[in-house]
Structures are given as structure tokens and as C-alpha cells.
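One structure is given here, and the rest of the page talks about it.
Note on naming: letters A, B, ... go to the chains in the order of the sequence lines (proteins, then strands), and numbering restarts at 1 for each one. Note that this is a predicted model, so its numbers are computed, not measured.
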Amino acid sequence: MHAYLSATLSETAARLYPGAAIPTPQIDKPRLPEHGDAATNLALVLSKSVGKNPRQVAQELVDAFPKDDARVAALEIAGPGFINFRFAAGWLQHQVRAILDQPDFGKTAAWAGKKVLVEFVSANPTGPLTVGHGRNAVLGDTLARLFEWIGAEVTREYYFNNAGRQMRVLGESVAARYHELSVDLGGGVGDGVEIRFSHPFHFPEGGYEGDYIRDIAREYVSRHGVRTDVSQDDPSFKAIAEELIFADIQRTLDRMQIRMDSFFNEDDLYRDGSLERVLDGLRAKDLVYDQDGAVWYRTTAFGKEKDTVLVKSTGEPTYRLPDIAYHVNKLERKYDRCVDIFGADHIATYPDVLSALKALGYDEQKVDVLVYQFVTIVQDGKPFKMSTRKANFVTLDELMDEVGADVTRFFFLMRSPGTHLEFDIAQAKEAGEKNPVFYLQYAHARIRSILRKVEEAGVSAEADLGLLAHESELGLIKQLIAFPDAISSAAESKEPHRLINHLNETAVAFHKFYHDCRILGEAPALAAARTGLLHATARVLRNGLGILGISAPESM
RNA sequence: GUGCCCGUAGCUCAAUCGGAUAGAGCAACUGCCUUCUAAGCAGUAGGUUACAGGUUCGAUCCCUGUCGGGCACGCCA
């Protein structure tokens, strides 16, 4: 409908004002129902170039508009020169049939044929996922789902590093706990027996203090027994830590309905020469130079105050070099769009990646970054500073144990990514009945319940949808047909909360319908028509909740 | 000190890429269950959109400045 209005307006304007440049008419949904079902500001935009006042332009457009009564019931001029359209009831009723005919109603082909990579979570396997990771994970996965609904072919990728200093400290932390445990066990010989290790052990500086490290140590003992000959830096400690922690992370993601398509190990970039290729390429552009034994990236050439080290004097790259190489790798894999999900703390790093990509001859416009603001954890009414290393955190698993996966996902999605999200643990735990996610689920459950009763009563499935003329019925239909636009808007803007807002409005429209219109007890033909409308509404809610990764319960 | 993000009802947040009278939820108050789920509905109250200017038909949105909060500024990741 919007496309039809826009195109017709465009033709009308071109016919009226042959010389003028006609912009693509913008069609909005007015906030107030008195302003009709769709509105355009075209007259206001044109008034200057045409040299007439906006109301006059609007009048001329309305007079010349070839009104198709089957679609548009009325055109009105309002305010400073808006043109408001009212949809024909017959057209609205017909849309219900269209929804009923499409199980995946809401899906569009806007990005058909596009390959999109969404990289998210990307937490190194040093500990369980915390609520801090939750926003990243849920935003990334929901964006991936949104992109799929506008036709894209999406890959979910998890980028990780298992070779750095943090992982070394992790392995040593496990080793230290293993040593303590072995002493407690008396070397496996018996309590109180003193055992001797051939190498010294100590808890590392800045080591990981969480209990999960002890769990890993216990698993180590159960697999290998007590070995007095290993040293603290034995690779077996890091290996088992990585294995078990990764398994834990994937379990957590699984609980949240997140399934990765690909895990990308940063170490591959070291092995296949990618880092050298990036350095050589940048050096050829005179953007890389050596100084003080280190290799520098000339970021001052792009307006930064200081240049940036890419390779330390120790010969070890900083994280920025593999970051660049990783994005080169993504673009080499021929993705049309590479979306990164970053917390606000990484906001300063990606301009370097973009400038390097451009310098190397890649289209950096294909890289698209969603930066979300931090989650502030509030516990006992006070902000709570988290640290994985100090074991000072709330894990996503603990959170889901308390409030469930649906509430967890919804909570991270309901706010705009750009604003700080306050996560009050106590409030989330007590959320229960008052939680906003239940409002949506309840609407769906209520519909399903009615449909079960309707089926028992034997209401005919053959519906004359032309009987849907009540204000609440038409209002609900208008809400339903806006669903595909809500999806593409949320996807294009990378703001999933827009879909939540829309679904909330849909639930409001349904509850109003429920309040005003009954089914059982009505004349059979009307009951059948309303049953059709309920099926369509349930479909929109179910599809919408599916995009959010939240269940649509049959009953509550 | 420099850069980025944010500032909207008592609290948490919306406001459809500059649109018409700035909206929800929670908290407060008033009504509605003999009828398909009251986890619902209807209503009342709550605002100088931090502040001061600017751009134009029109600004919560764009520009400048001030104040306040967060983050980043390392041969850490």
C-alpha cells in the first residue's frame, strides 16, 4: 500500500509540476487515528520548489490524485499541508486473507541474494558468559534473525583467541588449583600423605579466582589422576580449560536459542600468513613503519593524535593487527555485509580497522558496526562492577535459572542498543507476573485458548472476511499489515527493540478487539470471520516472537 | 585534557531516517470478572524533552556552546 501511494503520488506530482524535482514521496503512519491510516508530507516538501504555499499544493495533489476506491476511501488535507489517506475497508479485509495464505507472513525479499556475516559474542574462553555478554549475544542473534526475515543469507560467527596472555594465565590458574587439590588428596594415596612435585606451583599474578577453575582442576584429576611430574605451564592445563569452558559457553548459548554457524580462531591468522600480508600491504602504502623495535600503523594519517603499534618490540602483534586481518578475511569470503556487535569500550578501535581496509583496497562500507552501551548491573539498589578475572559476576546461566531464557532475551532487547541498560537483578528475579514479556505471550496464549474453544464449538472455517467492519477489527488489521515494515525497519536500523514496540502495539490492538468483539454466541458467519482474524493475529505474534527468539506459549 | 555515546513523567524507557496534541510500563488514584484466560480492559494524575542560542513551514531529533553522567584514549585484550 505504501509503495502504491508513493508511486501514485510521484506520478501525480510529476504531471502537475513538470519542471520540478520530485523527491520520492515519504509515506508515514500518523500517530493519531484522526489523521488517517497513512500520510505524506509531500506538499510541504514541494512547496518551496513549486513556489506555492503547502496547503495549495496539497489541494492540487488531492484533486489530481487518481483515487482507486477499492484501496483508498478518502484523502484529506490537514494541518500545515499533510495529505492523509484512509484505507478502504474492503482492501483491509482482503489483507487478512493474504496473511492467512502466508505461514511466514512478515518475510520480505529486500536483501534477497545478499550474504551477511554477523559476528557476535566473541568472548575468549576464560570463563562462563556473564550478563555483560548477554546483551551482545542476544542483539547479535536477533539481528541475524531479522536479516533472515528480510531475505538475507546469514552466517553467525564467533571469533575467539586461545593463544594470548589471558589464556596463559588461565592455564596457570587451573594448574595452581590442581596443585592444591592434589595436596588435599594426598597425591591420591590418602589423606595426610605428603607428596612432592617435581616443579613449583604458585597462584599466578592476576589469576582467575572463580570456582569454575576448581571444577576444571577436579576434572583434570579425574582424567589424568595426580601427576607430580607436570609443570605449571604444561599445555594440558590450558587445553582442558579451553575445552570445558567452551563447552559451557555453548551450552549457555544453546539455552538462549543461539546457534553459531562458525567459530573463527584468531590463531589461524597467525598461521596462514594473513598478518604479514596486511603489514606488507600497508607498508606498500607507506602506512607502516618501524621504530624502537616495534611496527607502527600511521593512524595520524587519518586524523588520530598518535600512531598505533601493530607489532610489539617483542615480535608479538597487538590485537589490532589480527583484527584488521580478520576483517580482510571476512571480505575475502565475499560477504556483502559484515556486521560486528561491539560494546561501547571497543568504539575507538574499529576506525583503525576501517581505515586499513580502505587502504588495502577493500570496500570498508561493507563493514557495519553496532555499538551498544554497557549494561549496568544493579544489585541491592547499587551499581555492581563486574570482573571475570575476580569471579565477581553474575553468569547468564544463573540469570536464566532465575527468570528463564525468554525473559532474559526480552530484557536485553527491549531497550535501544544506544542507551545504557539498567539491569536490576532483584527486579528481574521478582519480575514474574509483571514482566513485560508476559504481555506479549499472554496475548498469544489467549488467542490459542479461544481458538481451541472455537474449534470445539464447530465454527466454520469458511469466512467472509467482508464482515469485519467493527472499529476494533479494522484497527487490528491495520496493525497486522504493518508487521513486515516493522521487521525491515528493525533490521535496517539494527534496532530490534522497534519490533518489540510494534508487537506490543499489536497486543494492545488485540486486547481491544477481545474486549469489544466476541466470537462464541455470534452469528456463524461473523464468528467465522473473526476466527480468521484471530488466526492471522496469532500468526503475527508467533512469527514476531520467533524473531525475538522467545517462545509463543499455547497457554499460560 | 582530547574523542565517542547519553541526558525525555517520581523510576525504567519509547517517539516510525525533521512532522501534526511527546507516548507506554512500573509506582499512585478510580472503575470493570454470572459471558471465549482480569498475566486483561477503561479512566485520572504526572513534562519548560538538562540549559542557552542557531538552522526552517516545523526541532526530543540537525549545528554551536554550557552543565551533568558513561566509555575510550597502552609496545593490555
Side-chain angles (χ1 to χ4, degrees), chain A residues 26 28-32 34-35 39-41 43-45 47-48 53-55 78-82 84 124 126 161 164-167 266 291-296 303-306 308-320 322-323 343-349 351 371-374 376 378 414-416 418-424 427 432-439 441-443 445-454 456-457 482 485-486 489-490 492-493 495 497-498 500-502 504-505 507-508 510-512 514-522 527 530 534 555-556:
Chain A
Q26 185 186 328
D28 295 313
K29 184 184 171 195
R31 243 193 298 256
L32 279 72
E34 302 93 87
H35 294 152
T40 183
N41 61 354
L44 288 84
V45 176
S47 93
K48 183 164 276 182
N53 81 58
R55 300 265 322 187
F82 290 100
N84 298 329
N124 288 338
T126 57
N161 170 0
R165 192 176 67 83
Q166 290 305 320
M167 290 301 291
E266 176 181 327
Q291 186 179 303
D292 305 329
V295 180
W296 295 75
K304 284 223 172 179
E305 282 183 21
K306 286 183 288 188
T308 307
V309 172
L310 292 182
V311 183
K312 296 184 258 183
S313 54
T314 61
E316 212 178 345
T318 64
Y319 70 99
R320 230 169 270 246
D323 254 15
D345 54 339
H346 284 73
I347 198 168
T349 78
V371 177
Y372 61 90
Q373 296 299 312
F374 275 165
T376 308
V378 176
M414 63 189 291
R415 308 270 149 84
S416 157
T419 68
H420 297 274
L421 172 60
E422 187 165 305
F423 204 127
D424 189 323
Q427 187 185 331
E433 300 185 351
K434 291 176 184 170
N435 197 294
V437 68
F438 292 125
Y439 184 74
Q441 294 184 317
Y442 179 63
R446 208 178 203 185
I447 293 172
R448 300 301 303 170
S449 168
I450 297 169
L451 288 174
R452 282 191 295 272
K453 290 228 160 66
V454 164
E456 280 174 29
D485 281 345
S489 164
E492 301 273 2
S493 63
E495 294 189 337
H497 76 283
R498 295 191 189 200
I500 287 187
N501 290 343
H502 183 267
N504 258 313
E505 288 169 13
V508 169
F510 160 69
H511 285 305
K512 187 170 174 52
Y514 173 83
H515 184 258
D516 294 343
C517 304
R518 293 186 54 82
I519 293 176
L520 294 178
E522 295 289 345
R530 287 179 173 167
L534 279 189
S555 64
M556 291 175 73

Exercise. Less than 3.5 Å between a donor and an acceptor, one on the side chain of A:Asn84 and one on the base of B:A20, is that the case here?
Worked result: yes
Ignoring backbone atoms, establish whether [X] has a side-chain N or O less than 4.0 Å from OP1 or OP2 of [N].
X: A:Tyr514; N: B:A38; answer: yes
X: A:Lys306; N: B:G74; answer: yes
X: A:Ser555; N: B:U37; answer: no

Starting at atom [atom1] of [X], determine the distance to atom [atom2] of [N], rounded to an integer number of angstrom.
X: A:Ile447; N: B:U37; atom1: CD1; atom2: C1'; answer: 12 Å
X: A:Asn161; N: B:C76; atom1: CG; atom2: P; answer: 14 Å
X: A:Ile500; N: B:U12; atom1: CD1; atom2: P; answer: 19 Å
X: A:His497; N: B:A24; atom1: NE2; atom2: C1'; answer: 13 Å
X: A:Leu32; N: B:A15; atom1: CG; atom2: P; answer: 17 Å
X: A:Asp516; N: B:C32; atom1: CG; atom2: C1'; answer: 13 Å
X: A:Tyr319; N: B:G74; atom1: OH; atom2: C1'; answer: 9 Å
X: A:Asn504; N: B:U16; atom1: CG; atom2: C1'; answer: 15 Å

Using the [atom1] atom on both, measure [N] against [M] and round to a whole Å.
N: B:U48; M: B:A42; atom1: P; answer: 27 Å
N: B:C63; M: B:U56; atom1: C1'; answer: 13 Å
N: B:G58; M: B:C73; atom1: P; answer: 44 Å
N: B:G54; M: B:G70; atom1: P; answer: 32 Å
N: B:A39; M: B:C26; atom1: P; answer: 13 Å
N: B:A45; M: B:C36; atom1: P; answer: 33 Å
N: B:C32; M: B:A14; atom1: C1'; answer: 28 Å
N: B:A22; M: B:G31; atom1: C1'; answer: 28 Å

Checking all strands, does [X] fall into the base, sugar-phosphate, or nothing category for heavy-atom contacts under 4.0 angstrom?
X: A:Ala486; answer: nothing
X: A:Asp485; answer: nothing
X: A:Lys48; answer: sugar-phosphate
X: A:Gln441; answer: nothing
X: A:Ser313; answer: base
X: A:Ala445; answer: base

Taking [X] for the side chain and [Y] for the main chain, is one N or O donor matched with an acceptor at less than 3.5 Å?
X: A:Asn124; Y: A:Asn161; value: yes
X: A:Arg320; Y: A:Val311; value: no
X: A:Ser493; Y: A:Ser489; value: yes

Exercise. If you find the nucleotide of RNA chain B closest to A:Ala78 and the one closest to A:Ala344, which residue's nucleotide is nearer the 5' end?
Worked result: A:Ala78
For this session: Assign each of A:Val311 and A:Lys453 to its nearest nucleotide of RNA chain B by heavy atoms, then name whichever residue's nucleotide is nearer the 5' end.
Result: A:Lys453
For this session: Would you please name every residue forming a side chain to side chain donor-acceptor pair (under 3.5 Å) with A:Arg530, sequence neighbours left out?
Result: A:Glu473
Seminar exercise, completed: Taken in chain and number order and not counting sequence neighbours, the residues that satisfy side chain to side chain donor-acceptor pair (under 3.5 Å) with A:Tyr514 are none
Minimal non-hydrogen separation, [X] against [Y], with atom names:
X: A:Ser313; Y: A:Ala294; result: N-CB, 4.0 Å
X: A:Leu520; Y: A:Ala457; result: CD2-CB, 3.7 Å
X: A:Pro436; Y: A:Met414; result: CG-CE, 3.7 Å
X: A:Pro80; Y: A:Pro54; result: O-CB, 3.3 Å
X: A:Gln373; Y: A:Ala344; result: OE1-CB, 3.8 Å
X: A:Ala486; Y: A:His502; result: CB-CG, 3.4 Å

Tabulated below should be each protein N or O lying under 3.5 Å from an N or O of nucleotides 17-19 of chain B; please produce it.
unit_1 : atom_1 : unit_2  : atom_2 : d
B:G19  : N7     : A:Asn41 : ND2    : 3.0

Exercise. Under 30°, 30 to 60°, or over 60°: which ring-plane class applies to A:His511 and A:Tyr442, parallel, tilted or perpendicular?
Worked result: parallel
Exercise. Under a 3.5 Å cutoff on both atom distances, Watson-Crick or G-U, what's the dot-bracket for RNA chain B ([ ] crossing, | other strand)?
Worked result: (((((((..((((.....[...)))).(((((.......))))).....(((((..]....))))))))))))....
Problem set entry | Listed nucleotide nearest any side-chain atom of A:Glu305, set B:U37, B:C76, B:U2 | B:U2
For this session: Taking only the side-chain heavy atoms of A:Phe374 (C-beta and beyond), determine which of B:C71, B:C75, B:C13 contains the nearest atom.
Result: B:C71
Which protein N or O atoms sit under 3.5 Å from an N or O of nucleotides 41-45 of chain B?
unit_1 : atom_1 : unit_2   : atom_2 : d
B:C41  : OP1    : A:Tyr439 : OH     : 2.6

Problem set entry | Gap separating the NE2 atom of A:His497 from the OG1 atom of A:Thr419, nearest 0.5 angstrom | 8.0 Å
Seminar exercise, completed: In this structure, CG of A:Leu534 is separated from CZ of A:Arg448 (nearest 0.5 Å) by 10.0 Å
Problem set entry | Ring centroids of A:His35 and B:A20 base under 5.5 Å with planes under 30° | yes
Output a table of nitrogen or oxygen pairs between the protein and nucleotides 4-7 of chain B separated by less than 3.5 Å.
unit_1 : atom_1 : unit_2   : atom_2 : d
B:C5   : O2'    : A:Gln373 : NE2    : 2.9

Close side-chain approach of [X] and [Y], heavy atoms under 4.5 Å:
X: A:Thr126; Y: A:Met167; answer: yes
X: A:Phe82; Y: A:Thr40; answer: no
X: A:Asp345; Y: A:Phe374; answer: yes

Exercise. Is the glycosidic torsion of B:C41 within 90° of 0, making it syn, or is it anti?
Worked result: anti
